Amino acid sequence: MPPRKRESLKERRQRVKNVILVLSRIYPLATCGLVYHNSLELLVAVILSAQCTDVRVNQVTPALFTLYPDARAFAQASRGELEEVIRSTGFFRNKAKNIQLCCQQLMTRHDGRIPPSLTELVKLPGIGRKTANVVLGEIYGLQGVVVDTHVKRLSCLLGLTKSEDPVKIEQHLMKVVPEKAWNLFSHLLIYHGRNLCPARRPGCEVCPVVRLCPAGHKKVFS
Ligand code: SF4
């Protein structure tokens, strides 16, 4: 059934549960697409993934992590050399600067380790809530809603938020997505955004959640 105009919070929560159920069947392996072997590698990979595909990041990181195996190595790296290694991920100057400043602070404040706290992580240069939530979810198993470009777009299409602000979107989603599924829900929307609901051509006609999605329902059944 299409969501009614004045959907109650209870109804919206149920609709979200159904979206999770359907998308989980289609994307049973929905998880982080970045290849990493420890928390620092994940943190660096997430920084590199801004405006870049996971595939491209995964092509760059084996050499990168061989050259710079820990926070100290990144902190002491030649900026120019670091920029060259990550150049193909785009925005490489800014990314190199953030990685290096971040690792310098990890060395001075956290003994080179990644702190398991959202508050501490977002104090690091170049680390926003999205990156912090990915790291906390993947490494420490803590639940958090990751709002990337796909989650932002699909949350709006699914009628779960009207906001453009990632922090507000995160809050809106935390109210309607069961806490135990915060990480999963983000992964599912990212997979769905990449596969069937890209920004330019959402495939509403063949989308398995069309009856649960106000935007798709309007397009297909009106
Ligand atoms: S119905 Fe259309 S807009 Fe809604 S999630 Fe599916 S593809 Fe995207």
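Start at 1 and go down the list; that is how both ligands and their atoms are numbered. Fair warning: this is a prediction, and the values are worked out from it, not measured in the lab. Heavy atoms only: backbone and side chains are in, while hydrogens, waters and symmetry mates are out.
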Exercise. Using salt bridge (charged side-chain N to carboxylate O under 4.0 Å, His left out) as the criterion, list what pairs up with R194, not counting sequence neighbours.
Key: D54
Self-check item: Any residue meeting salt bridge (charged side-chain N to carboxylate O under 4.0 Å, His left out) with E84, in chain and number order, not counting sequence neighbours
Solution: R87
Quiz item: Please, which pairs that meet ring-ring contact (aromatic ring centres under 6.0 Å, His included) have at least one residue in residues 57-82, sequence neighbours excluded?
Solution: Y68-F74
Quiz prompt | Electrostatic pair R113:D111 at N-O distance under 4.0 angstrom | solution = yes
Self-check item: Near atom 6 (Fe) of ligand 1 (under 2.8 Å) - protein N, O or S atoms
Solution: C207 SG
Quiz item: For the hydrophobic clusters of this structure (ILVMFWY residues joined by side-chain heavy atoms under 4.5 Å, transitively), does one cluster hold both L82 and L67?
Solution: yes
Self-check item: Where A45 and V57 come nearest, the two heavy atoms and their spacing
Solution: O-CG1, 3.8 Å
